[in-house]
Structure formats: C-alpha cells, structure tokens
Amino acid sequence: MTGHPGMLPRHIAEMPTVAQPAVSPDGRWVLVVLQRADEQANRYRSGLWLVAADGSTPPRPFSDGEHSDTNPCWSPQGDRVAFLRAEDCGQSVLVAPFGLDESAVTVAAGLDGAGALSFSPDGARLAFTARVRPARCGVPDSGRPPSRVTRLRSRLDDVGFIGDRPRHVFVVDADGSAAPRDLTPGECEFEDPAWDRDARSLVFTGATHDDRDLDLRRDLYEVDVADGRAPRRIGAPEGVFALPSVSPDGRRIAFLGTDDHETAPRNSHVAVLSRETGRHRWVSSEIDRSFAPASGARSPVWLDDDEILVAVEDRGDVYLYRLSAERGSPRRRCGPGRGSSRPTTRRRAARRSSCPPRPVRASFTSSGTGPAARDRLRRAVHRRGAAPVPRAADGPVT
C-alpha cells in the first residue's frame, strides 16, 4: 500500500505553535509566543516574536528563543515589554526596552508558577501571581520532615503539593529597584490581578472562607498597593468569579463567572459590578454559550465606559462580541473559522487558528476594518534554518 506516510516523529519539530498575542498600545505591533520542539535537547522552547499588525514587515524574533519565554505584556507607553522566562532555577520576570539599544532588566527571579503579568497604568509597577516557596523547597527529599495535610485540595497535576505553596499576588517596581512585595500573605490563594485606573490599587479573585476547599466559590477582592492592609472583599460573597477588569472611569468592574458555586460545569458569563453599590448584574445572559473558552479565557476588555469586548465559544469556534455594560445587547464582532479569538486592547483584537494542512496562523482585527489574515508569521518560522531577523536596534533579547 502506497501513499502519504502520515504523521512522523520528525514532523513535531516542524510544527511551531503560536499563542498569547499581546497588542502594543498604539495598535501597530503584536507580540506572540512561538513554541517549537527542540529535537536534540528533547524539550520545548518558546520565544517572543514581533509582528507588524498591518503585515508591512516580516515577523522577527524579539527574544532569542533558546529559553522558555511567555506572557508578554506591553507597558502603557509602549516603550517596554515585560515577560516571563523559565529556567532551571525557577522563573524570572524580565523587562526589555522596545526599539532601544539597552539590555533587559530582571525585576524578579526564583519564582514558582508565575503568571498574570500586568503593568500599572502609569507604567511604574508590575503585578503578577506566583506560588509561595516554602523552606522545604531547598531541602532534598531525604531530609524533608513529613507534611501535614489539612485541606482536601492539597495537590495538583504537574504542580505537586500546594498546601504550603498558595498562589499570591505580588507587585514589583518596573525598573527592578526593589524586591517584589507579597500583597496577599497567608495560606489563602489569590489570582487574576487587574489594576485600578489610578494605579494605586489592584482588584483580583480569591477564596478566604473556611470551607474554600469544599466548594468552587471565588470572590472579588481589592487591595491598596501602598498601605499594606489585608485584601478587602467587594461585592457578593456567593459565586465563582474570575478575570476582573476595571472600567476606564473606575466606577465598574467587569468579570467572568456564575452565581452558582456548587454546580460544575456551567457556562461562564459576563457580569458588571457597580463599585458604588457593590451589586453586580449579568449582561451576557441573552447568549447561552460560555464566555470562558476552553482554548483560553481572558478578562473582558473595556472599549469605553460602557462597551466591553469579550470572547464567546460556540461549538469549538471562538467569536468576539461587543456587550453594553448597561443594556447587555450582545453583538458579534468577528471570529470566523476554526480557532480562538482573543480580545487584547481597545484598538485591536488578535486570534490564532489551526486548519490542516497549515499548523498555525495568526490574524488581527482592527477596530472598524474587519478581519485580515496574517500568515507571514507562520511562513517565517516554518522555514527550517532561516536566519533570525534582529529587532529594531540591538537584536533579540537574550
């Protein structure tokens, strides 16, 4: 029998994948994470690639791709990029200048399970999440004392024991002049930090109630970055809330979730909470679909003080919808084909898709112009042995 041999092991190294698009504040550039298989080292590597949103220039590497670089995040001014780098000694947060002949600065190192990077609106600080590293992490297994487990959720696949490694919210100066500060000390877990518009406080989700290991409940919390006080719960204490986002005027918070914290699975919807009253209303209930796609959920994006851009999953496809914070009234924005759309900034949205026989494709949508496919990234990285194209000044970040 003759014909195509089908999928072979060597094909894995020829199939890079694209994820985590981050659009620059001016809408001209998109940073994406490109992952590839390193056959010789028997591991995956990922680097950041820079793509012109209008396709006017070829994609080029922003980082060298020899590490595991992920979670790109632009500063509000568009002059710096923060990202995570995973190495044998743990994860680090790096801040690299954009288009300048300067080296990247490591502002945090030795992190465990870091993620959710975000610049403050004034660009002075970075918020992120990471797991607390207990003293036992530096002790060989043979010398560690027994651990006492008192909670039902004590271990996660590919993470290990988490009873003494809760996920916390940290903040660090973007210039690396001071060590990171833990804003949520203690045994409870918090995640999904979002900056308030005044850059003085953070909104995030977490669970602090006594039975937090016996249900799915996650509440909204707020903390002042400067005063060192404990996080304060805001809104109703009965729901599964995630991925908050503060409106431009600071008066409302949009988030994903459901009011039912005892039943799973359920579709996640979009709610808007008034900070004045502490009450929320679900504004996406007209659509019986999930607003937290399995391919990756993210916070709602405020287009102005009323309109919100969100992602909706429908039978494996992901679409972008506009919602009114006052009226709801969902309207589909874009999202044809197989893949995942991802709201990124007020100016642009990005999506990634996969259609045989092409392994990966990146597309971008500009406000008011409709979708425009950008296959040049796939072509640039799919050519084996192609020489790296340096970034604007000094070449890829190493």
Side-chain angles (χ1 to χ4, degrees), residues 16 18-36 44-53 57-111 113-130 170-180 193 195 199 342 344-345 347-348 350 362 364 377 380-381 387-398:
V18 173
Q20 300 176 2
V23 182
S24 63
D26 61 8
R28 296 177 54 203
W29 301 99
V30 183
L31 276 168
V32 297
V33 174
L34 186 137
Q35 185 183 70
R36 61 183 176 83
Y44 282 94
R45 300 185 189 275
S46 59
L48 306 184
W49 278 64
L50 186 67
V51 184
T57 59
R60 58 184 185 265
F62 185 82
S63 65
D64 61 17
E66 295 303 312
H67 303 83
S68 292
D69 297 339
T70 58
N71 282 258
C73 171
W74 292 87
S75 67
Q77 298 78 20
D79 60 344
R80 289 163 296 163
V81 174
F83 60 94
L84 292 175
R85 172 166 289 176
E87 298 176 292
D88 293 340
C89 58
Q91 291 173 289
S92 301
V93 178
L94 281 73
V95 177
F98 180 68
L100 297 176
D101 190 10
E102 298 177 9
S103 300
V105 176
T106 300
V107 300
L111 303 177
L117 273 179
S118 62
F119 271 98
S120 59
D122 60 5
R125 300 184 181 97
L126 277 162
F128 62 90
T129 59
F170 293 81
V171 68
V172 65
D173 291 344
D175 60 3
S177 58
W195 286 96
R342 179 182 177 91
T344 53
T345 69
R347 292 175 179 267
R348 287 185 181 269
F364 310 103
L377 174 63
V381 301
V389 180
R391 65 192 181 111
D394 58 330
V397 176
T398 57

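What you are looking at is a predicted structure, and each value in this text was computed from that prediction instead of being measured.
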Practice problem: Go through Ser68 and Gln35 one step at a time and tell me if the side chain to side chain contact (heavy atoms under 4.5 Å, CB included) criterion holds. | Solution: CA-CA 8 Å; Ser68 292; Gln35 185 183 70; over 6 Å; no
Quiz item: Which residues pass the ring pair (Phe, Tyr, Trp, His ring centres under 6.0 Å) test with Trp74, sequence neighbours left out?
Solution: Phe98
Quiz item: Does the pair Val33 and Val18 meet the rule for a side chain to side chain contact (heavy atoms under 4.5 Å, CB included), with working shown?
Solution: CA-CA 6 Å; Val33 174; Val18 173; over 6 Å; no
Quiz item: Looking only at heavy atoms, which two atoms of Gln77 and Asp122 are closest? And how far apart?
Solution: NE2-O, 3.4 Å
Quiz prompt | Pairing residues for Arg36 by the side-chain hydrogen bond (donor to acceptor under 3.5 Å, both in side chains) criterion, not counting sequence neighbours | solution = Glu66
Self-check item: Considering all heavy atoms, the nearest Val172-Ala179 contact
Solution: CG2-C, 4.3 Å
Self-check item: Residues that Thr70 engages under side-chain hydrogen bond (donor to acceptor under 3.5 Å, both in side chains), provided they are two or more places apart
Solution: none
Quiz item: Of all residues at least two apart in sequence or in a different chain, which pass the salt bridge (charged side-chain N to carboxylate O under 4.0 Å, His left out) check with Arg125?
Solution: none
Exercise. Evaluate the side-chain proximity of Cys73 to Val81: yes if any heavy-atom separation is below 4.5 Å, no if none is.
Key: no
Exercise. Check whether any side-chain N or O of Thr57 sits under 3.5 Å from a backbone N or O of Ala52 as a donor-acceptor pair, and report yes or no.
Key: no
Quiz item: Can you name the residues that form a side chain to side chain contact (heavy atoms under 4.5 Å, CB included) with Pro121, not counting sequence neighbours?
Solution: Trp195, Ala199
Quiz prompt | Set of ring pair (Phe, Tyr, Trp, His ring centres under 6.0 Å) partners for Phe119, sequence neighbours left out | solution = none
Exercise. Enter the distance from Leu126:CG to Asp175:CG here, rounded to the nearest 0.5 Å.
Key: 10.0 Å
Quiz item: Does Asn71 have any side-chain hydrogen bond (donor to acceptor under 3.5 Å, both in side chains) partners at least two apart in sequence or in another chain, and if so, which?
Solution: none
Quiz prompt | Phe62 side chain near Leu31 side chain, heavy-atom distance below 4.5 Å | solution = yes
Quiz item: Do you know the tightest heavy-atom contact between Ala178 and Asp173?
Solution: CB-OD2, 3.7 Å
Self-check item: side chain to side chain contact (heavy atoms under 4.5 Å, CB included) partners for Ala109, two or more places apart
Solution: Ser92, Thr106
Quiz item: Can you name the ring pair (Phe, Tyr, Trp, His ring centres under 6.0 Å) partners of Phe83, sequence neighbours left out?
Solution: none
Quiz item: Can you name the closest pair of heavy atoms from Pro180 and Phe170 and give their distance?
Solution: CB-CD2, 4.4 Å
Quiz item: Of all residues at least two apart in sequence or in a different chain, which pass the side-chain hydrogen bond (donor to acceptor under 3.5 Å, both in side chains) check with Ser75?
Solution: Asp79
Practice problem: Output all residues satisfying side chain to side chain contact (heavy atoms under 4.5 Å, CB included) with Gln91, sequence neighbours left out; order by chain, then residue number. | Solution: Leu84, Ala86, Leu111, Ala114
Practice problem: Using atom types as modelled and distance alone, determine if a side-chain donor or acceptor of Ser46 lies under 3.5 Å from a backbone N or O of Asp69. | Solution: yes
Quiz item: Between the main-chain N or O of Gly123 and the side-chain N or O of Arg80, is there a donor-acceptor pair closer than 3.5 Å?
Solution: yes
Quiz item: Looking at CD of Gln20 and CG of Leu117, how far apart are the two atoms once the value is rounded to the nearest 0.5 Å?
Solution: 10.0 Å
Quiz prompt | Taking every non-hydrogen atom, the tightest pair across Arg45 and Gly65 | solution = CB-O, 3.5 Å
Practice problem: Please name the pair of heavy atoms, one in Phe128 and one in Ala108, separated by the smallest distance, quoted to 0.1 Å. | Solution: CZ-CB, 4.2 Å
